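The next block holds one structure in the form of structure tokens; read it before the comments.
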2 protein chains.
Amino acid sequence: MTEAPAQDRGARSRDAILDTAGELMARYGYAATSISMISSACGLPTSSLYWHFGSKDGIYVAVLQRSRTELLAALPPTEVPGADVTQRLDTFLAEVRGAFERHPHGLRLLLGLGMVQQDASAAAVAEVRQYRDALVVWARESVSAVFGLRDRPEVADELARFTLRTASGTAVARWFDPGIALETGPLRVALLALAAHHGVPVRGVPGEDAPSHGLTNRE
Amino acid sequence: MTEAPAQDRGARSRDAILDTAGELMARYGYAATSISMISSACGLPTSSLYWHFGSKDGIYVAVLQRSRTELLAALPPTEVPGADVTQRLDTFLAEVRGAFERHPHGLRLLLGLGMVQQDASAAAVAEVRQYRDALVVWARESVSAVFGLRDRPEVADELARFTLRTASGTAVARWFDPGIALETGPLRVALLALAAHHGVPVRGVPGEDAPSHGLTNRE
DNA sequence: GTCTATATTGGGATAGAC
DNA sequence: GTCTATCCCAATATAGAC
């Protein structure tokens, strides 16, 4: 048991490095996170970090890649089940809220590391953009499925942007107040109103209040 | 004319330092912006920076202070003129959009510098929070005036948070796409729907589409 | 794959002439 | 108030034993 299962040692160290690096970079940002911080936080010498990832930049790219993979896997599938719009919307929002809760690092990484431009390599910048793009595509397809917008791509775009802006803004607010959760209640009302505003058929038309499915999420 | 007007030299240098420091810190964040970067960008030696501000931290605090003052001065007053809700809302959103456009650094600074915690002094952290708090108070009072919510503070809180989340999220999106503007059109629809959802009397009740005042702001 | 030790650059900050 | 020159240290990165 103390004898590590053969060559797993390397993989476990790799994961440990990524864990602590992700944690620190999400908290302090890329530039403010030093190799020695990571090293002392995870217990491995700096040379091990370099052996595994080659450079600080390499660590950053690897952290982003893993975060992207995990977050996308945690996000609800773009084919949302449900009979009508409000049902699908509630399912969708509940899952988004859950993913946002369980993976607080994703957006933080994009925020803190997004400010790179200068010292980051081309690979790093590319990975940041890919992360962002993946979220945009996911959001567009999801709202498209929820509201049935296959033939109204501009509307799907607008709703997706709106959802992502809210999520990003909440991630920012979280810096000041770590306890803050994604407020799906107001977002729900807003998305339904926006859809209706564009003439998208919605059963629970605004005017009559939306039924509270226990999703109102006010403190 | 080449002879500087007496003792103004110092003040002009001070402003120049704050200008370039603000620019750089908004772009790269606090940690990634070095003294030498600022020095060579504004043409003054590092010793001048230290003479004026004492430390990198001092520069940061001064930048934040000035940005806060300027942004708050540029934001619309919390007493919004207008006969009915939609009129006041349109005025309000137009001014917010304008301020957001003309002062792109404010939120960027809060984002990039917000990630400080570790190397920033207590004064710096305090200034960040004061900046944030000032924006929160302004937003709350503004929406309160727009929607007439003096007796519904929780509703004013929710609308204010929602507005700020959207603005923050847009500031984040701007990192990837510098051209992006605050989308007041969807925000307008959302705020009206949220108000109506809470039973706040609104003349242009949702269901009948809101009149486009040329504010729809879709690309 | 992991360790100790180290090379080397660039960072923040200061001294002191002008 | 501004300049040149410099100190000190932390940061990235590498060498080579184990």
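In what follows, every heavy atom counts, from backbone to side chain, and hydrogens, waters and symmetry copies are set aside. Chain A is the first sequence line, chain B the second, and so forth, proteins listed ahead of strands; every chain is numbered from 1. The shown structure was predicted, so the numbers you read here are calculated from the model rather than taken from an experiment.
- In this model, no donor atom of one side chain and acceptor atom of the other lie less than 3.5 Å apart for A:Ser55 and A:Tyr50.
- Residue A:Met37 contributes atom CE, which lies 10 Å from atom P of D:dT12 at whole-angstrom precision.
- As rounded to whole Å, 18 Å separates atom C1' of C:dT14 from atom CZ of B:Phe53.
- Taking side-chain N and O atoms only, B:Ser36 has a distance below 4.0 Å to OP1 or OP2 of C:dG11.
- Side-chain contact check for A:Leu49 versus A:Ile59: some heavy-atom pair is nearer than 4.5 Å.
- Taking the centre of each ring, A:Trp175 and A:Tyr28 stay at or above the 6.0 Å mark.
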Base, backbone or nothing for each nucleotide of nucleotides 3-8 of chain C, written B, S, -, heavy atoms under 4.0 angstrom, 5' to 3'? BB----
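- Rounded to an integer number of Å, the gap from A:Ile35 CD1 to D:dT14 P is 11 Å.
- B:Thr170 places a side-chain N or O within 3.5 Å of a backbone atom of B:Thr166 that can act as its donor or acceptor partner.
- With hydrogens and angles disregarded, no donor-acceptor distance shorter than 3.5 Å links the side chain of B:Arg68 to the backbone of B:Arg132.
- Side-chain contact check for B:Arg140 versus B:Leu159: every heavy-atom pair is 4.5 Å or farther apart.
- Look at B:Tyr50 and you won't find any side-chain N or O under 4.0 angstrom from OP1 or OP2 of C:dT14.
- Between the P atom of C:dA13 and the NZ atom of B:Lys56 lies a distance of 8 Å, rounded to the nearest Å.
- Under the 3.5 Å distance criterion, with hydrogens and angles disregarded, no donor-acceptor pair is assigned to the side chains of B:Trp51 and B:Ser47.
- Inter-axis angle, ends of the helix from C:dG1-D:dC18 to C:dC18-D:dG1, five pairs per end, rounded to 10 degrees: 0°.
- Look at CG on A:Asp57: it is 13 Å from C1' on D:dA13, rounded to the nearest Å.
- Taking atom CD1 of A:Ile59 as the reference point, atom P of D:dA11 lies 14 Å away to the nearest angstrom.
- Between the CG atom of B:Leu49 and the P atom of C:dG11 there is a distance of 13 Å, given to the nearest Å.
- Nearest heavy atom pair, residue A:His103 against residue A:Leu71, reads CB-CD1, 3.9 Å.
- The main-chain N or O of A:Pro77 is never found under 3.5 Å from a side-chain atom of A:Trp138 such that the two would form a donor-acceptor pair.
- One finds a side-chain N or O of A:Ser13 lying less than 4.0 angstrom from the OP1 or OP2 phosphate oxygen of C:dT2.
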Write down the protein N/O and nucleotide N/O pairs, taken from nucleotides 7-9 of chain D, whose separation is under 3.5 Å; answer none if there are no such pairs.
none

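- Between the CH2 atom of A:Trp51 and the P atom of D:dA17 there is a distance of 18 Å, rounded to whole Å.
- Between B:Glu158 and B:His198, the side chains place a donor N or O and an acceptor N or O closer than 3.5 Å (distance only, hydrogens not considered).
- Of the possible polar contacts, one joining the B:Arg129 side chain to the A:Phe176 backbone as a donor-acceptor pair under 3.5 Å is found.
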